[in-house]
Structures are given as structure tokens and as C-alpha cells.
Amino acid sequence: MTPFLEKIIHAAAGSALVLTSNKRLSRHLQTAYDRQMQALGKQTWPTPQIFSLDAWLDRRIVDLGESWRLLQAPPLKRLWEQIIEEDSAGSDKELLQLSATAEKARQASQLLGEYHLSLANSPLTEDQQAFQRWLQRYQRLCAEHNWLDRTAAIALVLAALQRQQLECPHQLLLVGFDQFSPLVSALGQQIKTFGGSVEELGPEPSSANQIGRHGCNDPQDEIVQAARWARALLEQGAAAVGVVVTDLQARRSQVERIFRDQIDPEAVLRLNEEESAFSLSLGSPLIEQGPIHAALEILAVGHRLGLDQCSFLLRTAYLKASIAEADSRALLDSRLRSFRQQSFRLTRLSILAKTDNQALVFGRCLDSLDLLQKSISRKMPGEWAAQFDATLIQVGWPGERSLASSEYQMVMAWRDKLLPALASLDAVSPPVERHQALSLLRRLAAETEFQLEAPTGPVQVVGLLESAGLEFEHLWVMGMTEDILPAAARPNPFLPVALQVAQQMPHSSAERELDFARQVIGRLRAAGKQSIFSYALRDGDCDLRPSPLILDLPERTPMLAEPADLRTKIQAQAIALSELSDTLGPSLASEQGTGGTGILKDQALCPFRAFAHYRLRGKSFDQAEPGLDAMTRGNLLHLSLEIFWTSVMTQVKLLSLTDPQRLELVNQSVVQALEQYFKEQPTPQPGLLEIEQQRLVALIEEWLTNTEQARASFQVVQREKELLAQIGPLQIRTVIDRVDMLDDGSLVILDYKTGAVRAELLVGERLLEPQLPIYAITNSEQAADGVAFAQLRRGSCKLIGVAREEGLLPKVAGVEKNNQALQLGLHSWTDLLAHWRRQLEALAEDFVAGIARVDPVDYEHACKFCDLTGLCRIAEAKMIGEEE
Amino acid sequence: MKPMTPMMIADQTQRSAAIDPQRSFIVQAPAGSGKTELLIQRYLALLAEVERPQQILAITFTRKAAAEMRNRLLDALSAAQQDCPPEAHKALTWSLASKALKRDRACQWNLLQNPALLTIQTIDSFDSSLVRKMPWLSRFGGLPELAEDAEKLYMKATDRLLQRVGSSRPGGEQLGQLLAHLDNRMNRLQQMLVAMLQKRDQWLRHLYGIRDDDPCRLLEASLAELIEKDLAALEEATPQGFAAEMLACGRISAANLGNVSNGANGKERPLLYLTDLDWMPSAQIDHLPVWQGLADLLLTGSGTLRKPRGIDVKCGFAAAKKDSRLRMQQLVEQLVAFPEFVARLQACRELPAAEYPPEQRRILACLIALLPLLVGELWLVFRAAGQADFAEIALMAKAALGSVDDPSDLLLKLDSRLEHILVDEFQDTSWLQYGLLEMLTAGWQSGDGRTLFLVGDPMQSIYRFREAEVGLFLKSFAGQLGVDGPRLEPLQLCCNFRSQQGLVDWVNRTFSAIFPAQVDAARGAVPLALATAVQDQLVGPAVTLTAFNGRDDLAEGERVVQCLQQIWAENSLQSVAILVRGRSHLPEILRQLRAANLPYQAKDIELLGAQPVALDLLALNCALLHRADRLAWLTVLRAPWCGLTLNDLHALTAEACGATLPSVLSDANRLTQLSADGQQRVERIWPILDKGLGRRGRFPLRQLLEACWLALGGPACYSRDGVEDAELVFDLLEKLQQGGDLPAHESLAEGLAKLFAVPDTQADGRLQVMTIHKAKGLEFDHVLLPGLGRMPAGNDSPLLRWLEHPQVGLLLAPIAARDGSDQDPIYQLIGRMERDKQDLEASRLLYVAATRAKQRLHLFAHAKEDKNAELKPASGSLLSKLWPLVQTDFSQQAIVANQCDVARSELKLRRLPLGWSMPPLSPAPISESLAPSKAAAQGEEHEDRLLFSGWEQQSQRHVGTLVHGILEQLVHQGSAFWMDADAAQQEQMLKRQLSGLGVPAHDLNAALARIRDAVKQTLASQRGQWMLQPHLQGACELELSGQIDGQVIHAVVDRTFVDTAGIRWVIDYKTSAPRAAESHATFVQRETEHYRIQLAGYSRLLRGMEPEREIRSALYFPLLDHFVEVADENS
Ligand code: SF4
């Protein structure tokens, strides 16, 4: 045992009061005390007077009978928030971070209290003037309600000690204080006045300690080295290894991960929370934990749910029947996505879920949530807490899966810490609405630290403040860069800086920070027999420097264990991947050979794509779009045109209409189309359809006057006709938008397109637009004489295609004038039809044969908008040169 | 190398002046002029003068630059503790540092121990520090977290605004109009609004001026001013003494034309404005048509003066009227001597009227009405996220700083007097930053001890896309910052310490032709400042050119590789950089570098999302999160760790199109359909995936994904770089994850698209590949510039164009509706001005690229043959800038490009060999004695389900706590304190305590009643009295420690005493009560069993203190007034 510990135990045994700077340290000293008693063979002993300063004060406040007036932390913070909210009511920008402001203001008020200061005679900035207003209001409220904050309560304790109303300890040991607040000084003073002794204790610096400094490449490397160093020590049987991380808050998860990777790589794979060889002094916020996050998401459900919200509920493990209905819920999720809508009504979702009993339990859960979201009245936070709890029970939170011990602890924290904290706001809060209660709850969850209860192992990782008063055989202190110690000054913005500097308040000035840094580094130097102080030399592209306060230490290279993490070990195996030519899937059984034109299009773009899309049925989820999505808009246009031509039929009739008559007819068609279409579809946001109607009318008008009226005379003979085309071994099911007969009896096939189309795609070495060619070669009664895309776009309405001869369609060349055709050696319409047939049949045969080469025509056409980049592994070919 | 004594440097006077701590300067420091050293020297000189180091503020462009400056400053200060170095230029720094150190000692700053005293930061971190100081004024309430992905938040804000479509809320009407304007495409409208939010730091301050009845008036005023500026220049250029002739010809022509026609397309000809005109137009907006009339008179459509043949009836000079034709002919001939007049006259034809067409006006009005609402929504989104973007911080910092005019308040806000400000890279300052500087230095005067020092090089201003406005440098170079700021002495450095004489000469020669001759702040036109070389000329050409006839990436790549090999053959230590304008110029070059085994570091070049490792991880992640993401599951099965063949994939999935793949994989029957190889593969990976699925939510997503990936053998499937890339994916996931899930299914994919893969970690850094923008501030022995012939990425028509003009303010025009109508001339005007600025910046980009080289520059470019088989550079390419200078060389040596395609090799399925297994793993040994003691037997999973008993139990627990306290007080103080207490006050106290513990208000009365009941029962009962009365060796809440079976326990005994018979009692209070329908007896029985062990422990502890005494233990239930003794079964 070190002399330092010995002293404390000795004093504690003599019933001295030992006060520590934090709970962790008092627990540590307790344990040391217990061990000593055990070692002495005692069976029972009085629990020693070892407390954290806060815990001791709490007890004294209880002794004084004042605890009932004490405002606990959550209501106190809420009180400040309310005061600030009131003050900013009516300004055109609400405070961005109310909670942070309240916290700073609370701290400022606490500082004023501790240092017995007032703002009266200082010049104040506007921020400080605002704070002064709040403070006055706060003090008035406290007086009115007879509330005490901790500072005030502690002042009462000190006064009671002085009056000897409370018994004054005869001997006080202070352990682990890097700096004394005025309060501790006052306490010490008090004890001395009554003749007691006060002593400040810490591990004693020893010249025998071996201390060195060590620079690492970057912050990550620093952690890895520390972990390997710890491992090396464990391998040598070391008993207590300490790692102090100056900025543990920021690096907690990284530290945890890297230490686990190096010290117990197998635990990584086991995915179990269990005891491990190292322990961290810091937990993560409760809100980040799975069950808690889920609870908050569940409670947040309103009458309309965003797609992501729906998806979360459908996939979470923390709802009733989450295992039994896992698959049907997941499938429902993908179905929702196929609607391409950004949000859904809760009731509609519930109906969908219950259809065919697919996700019945889920639907019922939604109904329970519907009840909660309908409770619109204002209630006290405590009432909300009770209702939240009840709702969660109804929907089966935390789910069907049995809980891991970590989850169990989280759920307990929710019930024993979080909900009571919300209820404790009743003391200061007026009734609130559900969403306010929820956001309060969320904030509390974000501020509550969750730490898994597990026994401590031989390696302890602690933050800078928690390291006070600890001693280690082996110690590594990391993060000793110039910018961390000494830190830049951070005075409280609500108090005049001059005042803070004059009082030497913590963080008030760079000089103060330097003193602090010296003090901390001094005690860290005493805390280990073998110590390393490390720092990163670079972070990203910035060079870093070590803290000037450790420059006097000699450089020392730590002894490191071989890297034990899985990544390194697996890579070290240097496995060569095997390679296999795998370009052919099973051929298609004949009875299955039907599908849409998309098959051939995909097959032409890239054979693998057709196989994956149509044989494996792998497709990415549909993406929701705001407003009316492109597909709906396209459908509406088709439908409107169909209705229009059904009544007009011929160009002669079209031309016979006066402008107003035509407009009227177009308008009618569009209105009818909209009505018809949205009979079966959920209607979109109000207002959109009116705009869509205007748009369609204008577009169709432009199309009719610019293109249809200016063509050679025609008669519409088919509209939206379904067609089953036999292409080689494959049956292709498709719909022909329109077939027109010209006066000379020739037929032209039209396909409406709302995007920009390029004629080259129609005639080429690889057939990238198979649709029109399919119509052309399979039109049953009579062979077509021309095909064209009808490009319906505002400002560029036109026909783009190819025909038997010039003149059938405006600006559509005959085959003999088509450059692409000529390059392919096609001189007549018949040639072209034969060419198309060959192309289409080859594609169909390839598809049926299961040909699935990864062979895109080019990046632009094939891969750029393909959803299969991951599956086809084209990235391995490094051909994707992302064009910007 | 030439000896460098201060005396011999060409710009020594300027350099010496720049260190003078009494004067303010703006310094143009061209490439290689040693700017950082100068800044440091000045900083040191200032340190020797100030009272506190915090009075100096240095602002740099990047964090990296700030770190570098700080480090060099500290190095200089440390070096000053040693002897003076012999080199002259170091000596100066040394002596300045020594003086600074002296001051440091005198004032006891202790700078070397406390470098935090040096305020060197980026403008962003300066803004942040302001916000931190002014939580209330800035409306932030403390520094918000910086949004990682601000675009997401912009989207959210626009989403919220778009909800108003079709509603009667403010903005609903305008949104409808905009939607109609944009073809009812809401995603386009959203893009437009998002783009507006991105640039709101540019327009927001103008918006406040606009909000009146006619929102377009201000914009039109700006426009008019702009046009009048142009007209003024035209007027200025109009040759003297021709007015009468011009007007006369104009009258003749107009008179003739007026009789004949109205112009070809029905529009009135501008010439007709000259009808009967007898005065010359001036620089007034309403004279624009007249100017345009003159242009119509004098110029052809393509902007040249009319040729004699062109003076015909079409411009009002019939062949018959010889005299007037001759008169006109003479006039035109004389005007040939005034090319600038001709050019400006032509330019004025494209000027729009300063009036928006009605449709545009309507759309603008809508936008202007919407913007404040949009900004409001954004604030709410920021608020909900607790985050903000840089722009918001900068805007609010400035607003907070500027909200008062009283300078003493500024002092108070900054908590120290800023005396000296140094700004580096001033050419890249934005309007917003400029405004902040103006505010900080308002009222500073020469000689009042406060100085401003601005350094930069307008020739290197290339950050327009980040709102850099080079015009601000040019404006300030004229001698003052703003209208109220300090006077600035302009200084010009010219020495180039970096490049050899040959390169400096080339740059001087080349860029005097490329850069504009005149400064023009409005356009951002920067002329060349000639440099003087300090380094001697090297033998051999400084600049080489490899020219191609036609684009041929393959050949270019080969040449680049050859060039590198040559460089290193001569000297293998030379540093080389390949610099490009856009990343897309690189894939082929990188491929060939890899093939030639030349390791390179390519920072921010290759997209992370395009790497196989990232795609595989993405699929694995989606699969674990979503059982029905079929594509993700297929990808996981095809990825190298499994590598199912097409046949196996098909066999597994074909007949299960409606089922999820996990359900298929867990179906043993179906697996038998696979090949033997396939079965083995699936059997290896499925348990891993199954476990991963089952643990979702229990761990942070990163941990879950990483564990599965490692178990699958992920690291065995990729190169070392691939494994490093995986780390980036995991890091990203860690940032995105929320409670073991992602905010949206596509979050990870979207995030990946914005990141770059890690640069090769093994490369030694001799060869760097990067964009020219990234290379700013760096230097290399050799610089290769490939792809100079490529066109820049085309910028299509944005939905909205705007421009902040240094003199006239904001110009703004939305895109016209796509209904075949003409583009708005104002929109086009802004577009032209944009392009002009862009074009000027492209020249500067080339300058930056060329001046990175120390020894040699290697250019690679292609041009294409035009119809006449003449080589022509693509317009907008960097080659087009160089063209006049290299044309001859280029055509002589151009290598003809090869058109043929590279044969594509088949993509093989790559996968882990079947026999792969995990390497042996070893946990670090923990010696037995140290092994952490097992926590109370907790299985891996909690089988006993949590019994949710609802909320009341909580309250009961707290009732218990209070009852314990009261019973203790009754012992210490007697019953009077309870009985005689004021009931109301007692109620308040108890309720407050309950509430503090978390008992909700609506439960308080019930809880209070319970407490009172419990106390009442106890006090009324004999047993109770007995327990509470004073006894021998009595104690309440006695804290004892001890060991039982080697385990340390800590106990708090509610009540203990020795009764008259000498027996020690150990009593535990329980405030529980029977459950509904539970009998008294069963309840007591249940509780007794429950607490038996605990009580036995207490007894044993007390026995340890008094081994001889008889000890009995009991439970007491105050609510029932029931006392039951509990026997210790072990004893
Ligand atoms: S990404 Fe390209 S290669 Fe892969 S399937 Fe799609 S089209 Fe084919």
C-alpha cells in the first residue's frame, strides 16, 4: 500500500471525515478501506466517513431539515429555462439553444453565490444585462416559493456548522481536489476555527517515478499505442494499469473500441456485453441507447408519419411481436416505399398493416399510439410521464426479444431515473402539451449519462478530472497537446470578465488556466511509478505540438504488444482471393417467359442488369419524391391524351375546332383524367392538382397547336392498346400509346415521352430503346410505316423517330436519310425492321439463356443511374470515372 | 544560389516597411514571395509593442494555416533563446523575436508556457468565439454544434415551407405560383430554395432593404445603376466631334426606315429611336434605346462597323441617295480609329431595360415574399437539431457585434481592446467577412496605435465558389478598408524565392498576355504583377508541352508516366505534383500510375462511395437493418466474403420472390437446392448474419456492423487501403447512427457520396495528385498539368441567378418558365457577368498551378481539328488561355490521338477461398486473482421478463424513503415534532420532497396520505412506540460494513437497539402493502421470504461487532402496523 492510501485509511479508521472531489474516488477509497479491514481479518466494521463532497453536503442538508426546499437539478434547470423563455417571448428569433443558455446562466448564478458577488457595480454587456434580469426574476421566484438552490443550501450548512447546530468534524481530509472552490475553503476555515485539522492529500511525488513523454503520429495512433502498451503490461501480469485521457468526452467511443480490439479481440465477435479487462470512467448519453431511442420514437408518433418514422417502427425490436411479425413488417415497409410518398396518415398505415392480417399486432400498436397522440390537452409533466409509461406498456415496449443485461439496465434507467426526472418538473412547470413533454424528456435523456454496471478490471481508463487522487503502478496520460493543457480561457459570458479575473474564477483567464494545468500535470506526475505522457504530432493536416509543461520530460518509447486486433491479424494472413468466371445463370424455363419491355432494355444496356432485375428480382427501394412524382405526372398526361383523342379521333376534327373549343375540350379531358386517376390513388397535398391541371392543359395545348395540327392529316386508330409480342423465345407484354393512320393508309406508332429523347438510341449497334422497335415489328394487323417518340416538353415539343420515307412525320427522316442506319448498312425500312428483329431476338435469346455478363454499354447510359453497382461489382473494374 | 542579404533583394524597402508596427498596410504578395515569414515578422514586431498579446488578432484562411503560423511563431520565440543565426534573413526574425521575448519577460506573459495567449485563428473560429461571448445577442444561447451535413437541414427547412402549398398560411399562394412556374416540379422548387439557403449570407442583408410595397424596385434600381455605369463608359469612349454627324446620319436613316418597315420580326428597330433626334444620349438609363439605336445605325449584327457595301437600304440608306450614303460611309471610316467605342457600343445592345418583364416580376415578388419565411423555417430546423452552419454563425456573430454603435460596448463585448489585426489570404475574403472586418476597425485612424495588416495575392484568388470576392482586395488596395476604416498603405512584393529564373520569366511572359491589362474591381480583373527571380536559372527548358491532336486519355497517361520516370531517373528525390482542374481528369492517369507501380498520394480524389469495400459495407448495413432489402441481401451473398455464383443465387431466391431473404436463408430445405460449394458458403456466413440481425438495437450500429464484418472475414477481402477505407465508412456510420439505427435507410449511401477514399498510406509522398485548388500554398520541384485541353464542367442554367456587385449591390433574376418563351434578358445579363468573372478566375487558376513549380513545369493538352483541319482548343479550357502563346508549337508537335477502344476484360467473381478461417485470437491474460468478480449471477440475456407494474410502484418507493426519514426523526426528536407540526406546512414539506424525488403532482395526495397513515399507525401502536423509544445502544440508519463469505457488503440498518432483556434487535421498515386480492398472511409470508437473506446478513454484521450477544431480526410494516420476526435459517 502506498503511503498516501495508508494515511487516508489510518485517518478514516480514526473517524476522520474524508471528502473527495468525486464519487468515483470516494468509492475507490472505500474499497481500499474495506480491503484493508478484510486483510486485518475483521468481520464487521463501521462504514468509514468517506464521501464525495456533494454527497456529504446532501446529508447535512437533510440533517438540517432543509432538503424539502432544495430544487433538484432538473427542476432548477427548467426554472431557468422558463425564466429565459419568458424574457425572450415576442422577439422574432427564439433562442437556438435554450437549454445551453439556461445552463450557462445557472452556472453564472452559482458562481455569484459561491463568491458572494453581485453585478451591481460592474459595467455590463447586453448579454450580462439580460442575465441580470433573469437573475432578479429567479431570486424573486425562489423567495416567493421558498426554494433553495444548492449554493444557498450549502450556505445554510456552513452557517449551521458555525452555530454548532451541526456537528463539526474534528479532522478533515481533502482528496483529489485540483482546485478549491470558495466553499471548500470556507468549510476548512470553519473546522480550523473549532480547532479541528484540515489536510489536503494526494499521491506524493517521488523521485523514483519514471516518467517520459512520447509523440504519436495522430490521435488514433495514440490510442492504439496506449492499448498495445496496456496489453503488453497485462501479458507481463501487471495488476493495475491506468490510462488518463485528457479529452475523454470527445474520444470515449474510440478509446473503448480500440482497447477492446487490442485487449480482447474475441469479445468483438461475441457481441456480448460482459465484464472486460478494462473499464471506462465515462458512459454515453442515455438517449443513444437502443431501447430508449425506440421509446422516444414510439412516443413521438403523430397523426402523420414520415416514411423514415414508419420504417423505424416497422423494424424496431422494441415493439410487441417484433420477432413474430418481423418479416411481414419488413415487407410492409418496402411496400410503403413503393408508393413513393414522403408521409402517411397514422390511420391509413394501421389499415394497411391489418390488411390480410399481415402485421395485425403492429396495426393494434398503432391504434394505441393514435390514442396517445389524440390527447391534446395540456398536462403536468408528471402526468405525461405516467401516460407515456402506460402507452409503452400497451405497445409492448421493450419488445418480444429477451433483454440483455445491458438493455435491462437501460430500461431500469428509463423508469427509475428518466421518468421521475420528468415528473420532478411538476415543481416548477405549468401544464404542457405532449410535444413539449416529449422534448423535455428527450433533453433529460440526452443529459443523463448511462454507464453499464460492470466490475472493474485491471485496466482503468479515466478522464482528466476523474483521475484526481488515483495512483497506478503504470500510467499512460494521453492527449497532452499544447491546445489542451493549458487550455484557452473560457470565462462565463454572463458575468463581467474583469470580475471573473479579479476573483480568479475557474477558466476566467489564460493565466488561470496555466495555473490549473500546472497543478494537474504536477499531480499526474506523482500518480504513477512508470508513466508515459503522450501527444499526437498531427491531426488531419495540422501539425500539433506537445504541451509546453511536459517538454522537460525525457522522451521514452513505450513497450508495445504486437497488434492483436482482428483487422491486422486477418490482413496478415495475406489471403489471395480466388477468381471465378461466373457470367451465366440458369436458363429460363419456357413457361416463365413473359415480361415487359424493360427486360430487353436492360439486356441491351448490360446483360447482368437484366438477370439481376428480372431473374433475381433485386431492385433498390423506390425513392419518395416531394409533390407529384414523375411517374404519376406521366400517367396523368397519358390518360388525358387518351381521353382527348377518344373524343376527337382525327386531325380534321381537331382543326375544325376553334381555339376556345379546343381549349375547352383539353380542359375537360384533363379534369376527367385527374378524377379517374385519383379514384384509386391517395390524393396528394391540396393545391397540387390545380397546378397540375393548369400545367397539363398548357402542355397539351402547346403539343396540339405546335405539332399535331401542323402534321400531315391523320386519324387516331389505337390508343393505349395492350399488346403481347412474341420476341424470339420471349413474350413481351406492353402497351402502345398510340397508332395513327395517315391519309395514304400508312401507319405510324407514337410513344409519349416527357423527358428529352435522342434519336440515336433507336437505331444503333446496341438497341437501347427497344420499345418502339418492338411495336414496329409486331404490330399485328399491318406493319407500321414509321415510329416516333412524341416528346411532350414545354418549349420543345416534337416528334423524333424514323420512318419508311420522309414526309410521313414532320422532321422525321426516312431510313435512307438516317445516318445511323446508313452506318449500319441499312438502306430501307424493311432492312431496318429486319435489323430490329435480329437485335430484339438476340436480346431475348440471351436473356432466356441466362447470359449475365457484367458488360455495360458505357458508364453514361448504363451504370450512372443503375441501382446494382454493389451487386455487379463493377467497382472492382475501376471503370467508374465519375464524370462531374 | 545567390546570396540573400537584405540589401540585395529587390523589394527590401517594402518588406522593411511592412514590419512597422505603427502603420496599416495592404500587401500584395505574389506566389513564392515569402509571405508567411513576413506575417510572422510583423507579429513579432507587434508583440514587442502591445500590452497584452491578446490585443493582436491574426486571421488565416484555414485551420492548417493557423496551426502553421502559430507553430512558426513559437519556434521563432524559442529560437530567440539561442544565439543569433548567421543567415541575414533569419537574423531579422531572430532579433524581432528577441525583442518580443524581452517584452514577454517584462510583462510576465509567459508566452512559451502559455501559447493560448496567441490569438491566431480562422475567420470561422473567430466568429465562433464572438458567438460564445454573446449567447443572448447572437440568439444562439451558446455556440451551437456545427452541422455536419447542412444540406440535410436546408432540405428540412424547405420541406417545412413546402407544406404550405395549397394552404392559406403565409407563403402558400406564392409557393403555388412558383410551382406553376417550374412546371409543377416540386423537387425543382426545392432545389431552388435549398440553393437560396446555401447562399443566404449573400442575399440576406439585401433582403431587409427589399421588404416594401414594390419588392422589385430595389433590384431594378441596382440594375439601372449597373447599366448606367456601362453607359457612362460608353459615353466616355464616344469620340469627340462626331456627334453632329452621327445624329445627322441617324436622322436620315430613321426617316427612311420609318417610312419603309417595322423590322423583320415585327419588332421595332432600335434605329427608329434616332428619328428627329438632335441631341447625343448620355449615361442615363432612359437613353439606353438611343444608344442601341446608334449601334443599330453604325454596326452590323456581329458588332463591326458597317462596311461601305453594307450601307444599304436595310439600314436606311437607299442606293439612290448617294450623298447620304457617302456621308455615312465617311463617318464610319473615321470611327474605325475608335475600337473601344465600337466594342462598347456593341456591348450596349445586349443590355436589358432596367425593368423586369411582368412574369419575372411576379416570380421575383413571390421569392422575395418567401425568403423571410424560409429563413424562419431554417432557424426552427436549426433549433430542433441544436445545430447551425458556418454561415449562420457568421451572420449572427456579425449581427451581434453590430447591434450597437457605441465603440465602448464593442470593447466590452470583445473583453479586450483589439489593437492590431492581421489578415492572411485577403484576396479570398467574402462580403460577409469583409463586413465584419469593417465593423472591427471602424474609426481606426493612422497613428492612433491601432493597425490593420492585410496580405494576399489577388492573382491567386480562386475561391469564388466559396464566396471569395477578389474585388474586395482590389478595392482595399486603393487605400482604405470600407468608408470608415483605417487608411491602408499599399505594398507590393515582387521577389520570388521559390521558382528558378526560367520559370519566373515564363510566368511573367505568359501571364502578362493572359491577365487583363487593367484593374477592374467590379469584374474582378487583376493584371499581372511582375516577379523578380531570386533563384538562378536552371539549364534546359523550364516549361515543356506535350500536345495532342484530339483527346486521348490513354496516350496522355502514358506520357505522364514517362515524364515521371524521366524526372526520377535524373534525381530520384525530386518532389512532383500532378495537378488537375477537376477530379474527373484523373481516372486514366491513376490507373496507369498503378499499373506502372508508381505509388502516389491522392488526397480527396477518389470517391469513397465508389470503392468496392464501401459498397459491400453499405449493403451489409442495409441488410442488417432491413430484412426486406432484397438487393442488399443479394449483394451480401455475392460479396467476396461469400461469393455465391449466379446459379446459386438464383436457386436460393428465384422461387421466393415474396419472401424476405433472411427467411429463405434460415430455411434448411431451401439450402439443399444449392451447389455443395454454395451450401458451405452460406452455412459459414448465415449464423453471423443471423446473430447480427438478432442483436440490432442492442449495440451502437457501428459496433454491430464492424463485428459482423470482421466475423465474415471482411479484412481478408480487400487491400490494405481498402481496410483503411472501411474505417472511414465506420467513422461515418458512427456519426450518423441513432440508437442503433440510421435516421433514414439511405443515410449511409448519401453520406458516402460526399467522402473521399484514403490516400495511399504506403506512398512516400514524393508524388502527389490533387486539384489545383488543393495545391494552393504548396510547392513542388516539378509540376505536371495534364488535361489542360479539357472543358470545365458545364454549368447548366440555374433556377436563379444572382450576383453581388461591388458597386451597385444585388442583381437577381429567376429562370424563365420553360414554355418556349425567351430567356429573360436580365437573367442572361447576369449569366454573362458570371461567365466573365469565371473566365478571369480560370486564368488565375492557371497562374496558381504554374507557380507551384520550383524547377520545371510540364503541360499536357489536347486540341481538336475544326472544319478547316486547324487545331482549336476547347473554349473555356485552360489551354484556350495559353493558346495565343503556344499555338505554333502546339500545331507542330501535336501527337494524333488514337480513337480505338480498349478491350474490356471480363469481370471475374472474386471471393474468399472456402477454407478460410479466422486467425487464432488471444485475449490479453488477466491473472486469476485479478479477474473481475462476477456480477450477481446475470445470464447473458435476461430471461425473467421485466414486470411492468406501472407507475404507482415508483411513488410507493418514494413514500418508503420519506417514511424511513420520519421514523428516524421520531427516534431522535420524539413524536412532538410530528404531532405538533403545522399541518399545512408539513404537507407542503412532504409534497415538495416527494416531488423532488419524482412523484408526479397528480399522485402527491395519495402518497402523502400513505405517509401520514404509516406514521400514524406506527405512533398509535405499542410495537411502534417500543421501537421508537430510546433504548440502550440504539441507532437509526446505522451504516456498517463487513464481509460475509468473503464478499464485502455495506449495510444500512433502519433501526437497531438492545432491549431490556439484553437482546439486540435488527429491524427493517417496509412500507409495502398487500397486492389487490392478496391476503394479509400471504403478503407477510412473501415479504419475509424476500428479505430473509438480507436480514440474516445484517444480523451477522452485528454479530461481528458483538459476538456474544443474542441477535434477533424483524420486519416492520408501518402501513399495516405489523411486526414479524425473521429467523436466520443459516444460524
Ligand atoms: S452498374 Fe453498370 S455494370 Fe453494374 S449492372 Fe448496372 S449497368 Fe451493369
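Values reported hereafter were calculated over all heavy atoms of this structure, with side chains retained and with hydrogens, waters and symmetry mates removed.
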Residue A:A698 versus chain B: region with a heavy atom under 4.5 Å:
neither

At a 4.5 Å cut-off on heavy atoms, which part of A:F131 comes close to chain B: side chain, backbone, both, or neither?
neither

Can you tell me if A:Q573 and B:W916 form a side-chain donor-acceptor pair at under 3.5 Å?
yes

Top contributor to chain B interface from A:G585, A:G627, A:G870, A:S578 [non-hydrogen pairs under 4.5 Å]:
A:S578

If one checks every heavy atom of A:R853 against chain B at 4.5 Å, the contacting part turns out to be neither

Taking side chain as everything from C-beta outward and backbone as N, CA, C, O, which of these in A:P75 sits under 4.5 Å from a heavy atom of chain B? Side chain, backbone, both or neither.
neither

Which residue out of A:G687, A:A488, A:S581 racks up the most heavy-atom pairs below 4.5 Å with chain B?
A:S581

Contacting region of A:E235 [heavy-atom separation from chain B under 4.5 Å]:
both

Give a yes or no answer on whether the side chain of A:T47 reaches the backbone of B:L1040 with a donor-acceptor pair at less than 3.5 Å.
yes

Let me know if A:K104 has heavy atoms under 4.5 Å from chain B in its side chain, its backbone, both or neither.
neither

Would you say the side-chain atoms of A:D333 and A:S311 include a donor-acceptor pair closer than 3.5 Å?
yes

Which one of B:L997, B:N184, B:T635, B:L634 has the most heavy-atom pairs closer than 4.5 Å to chain A?
B:N184

Ring pair (Phe, Tyr, Trp, His ring centres under 6.0 Å) partners of A:F312, counting only residues at least two apart:
A:H293

Neighbour count >12 (heavy atoms, 6.0 Å) for atom CZ, A:R793:
yes

Pick from B:G739, B:A632, B:G166: which one has the most heavy-atom pairs with chain A under 4.5 Å?
B:G739

Is the backbone of B:A1001 close enough, under 3.5 Å, to the side chain of A:D426 for a donor and an acceptor to pair up by distance?
yes

A side-chain contact here means heavy atoms from C-beta on lying under 4.5 Å apart; do B:L1102 and A:T44 qualify?
no

Side-chain donor or acceptor of A:Q97 paired with backbone N/O of B:G142 under 3.5 Å
yes

Region of B:P115 in contact with chain A, defined by heavy-atom distances below 4.5 Å:
side chain

Checking A:A421 against chain B: side chain, backbone, both or neither under 4.5 Å from a heavy atom?
neither

Tell me, for A:R315 versus chain B, whether the close heavy atoms (under 4.5 Å) come from the side chain, the backbone, both or neither.
both

Going by the rule side-chain contact (heavy atoms from CB on, under 4.5 Å), which residues pair with B:A651 if we only count those two or more places apart in sequence or in a different chain?
B:Q673, B:L674

Contact part of A:R873 toward chain B, heavy-atom cut-off under 4.5 Å: side chain, backbone, both or neither?
both

Contacting region of B:D616 [heavy-atom separation from chain A under 4.5 Å]:
side chain

With a 4.5 angstrom heavy-atom cut-off, which part of B:D741 approaches chain A: side chain, backbone, both or neither?
side chain

Residue part contacting chain B, namely of A:Q72, when any heavy atom lies under 4.5 Å
side chain

From the list B:L1101, B:L649, B:L615, the residue making the most non-hydrogen contacts under 4.5 Å with chain A is B:L1101

Taking the side chain as C-beta and beyond, is there a heavy-atom pair between A:E94 and B:L380 under 4.5 Å?
yes

Heavy atoms from other residues, nucleotides or ligands near CZ of A:R633 exceed 12 (cutoff 6.0 Å):
yes

For B:E706, is it the side chain, the backbone, both, or neither that has a heavy atom closer than 4.5 Å to a heavy atom of chain A?
side chain

Report which part of A:L584 has an atom under 4.5 Å of a heavy atom belonging to chain B: side chain, backbone, both, or neither.
backbone

Donor-acceptor side-chain pairing of B:R627 and A:S334 below 3.5 angstrom
no

Whatever's closer than 4.5 Å to a heavy atom in chain B on A:T583 counts as both

What part of B:Q113 lies closer than 4.5 angstrom to a heavy atom of chain A: side chain, backbone, both or neither?
both

What residue, out of B:G713, B:G658, B:S922, B:G643, has the most heavy-atom pairs lying under 4.5 Å from chain A?
B:S922

Please classify the contact of A:E692 with chain B as side chain, backbone, both or neither, using a heavy-atom distance under 4.5 Å.
both

Of the backbone (N, CA, C, O) and the side chain (C-beta and beyond), which part of A:E511 lies under 4.5 Å from a heavy atom of chain B, both, or neither?
both

So, do A:S67 and A:V62 sit near enough that their side-chain heavy atoms are less than 4.5 Å apart?
yes

Is atom NZ of A:K42 surrounded by more than 12 heavy atoms (other residues, nucleotides or ligands) closer than 6.0 Å?
no

Given that the side chain runs from C-beta out, which part of B:R63 has a heavy atom under 4.5 Å from chain A: side chain, backbone, both or neither?
both

Selection from A:E266, A:M37, A:E482 maximising heavy-atom pairs under 4.5 Å formed with chain B:
A:E482

No-hydrogen, no-angle side-chain donor-acceptor test under 3.5 Å, A:Y318 and A:E297:
no

Looking at B:L990, B:N187, B:T653, which has the largest count of heavy-atom pairs under 4.5 Å with chain A?
B:N187

Interface residue of largest heavy-atom contact number with chain A, from B:A67, B:G740, B:S995, under 4.5 Å
B:S995

Using heavy-atom distances under 4.5 Å, tell me whether B:L646 contacts chain A through its side chain, its backbone, both, or neither.
both

B:R696 atom CZ: more than 12 heavy-atom contacts under 6.0 Å:
yes

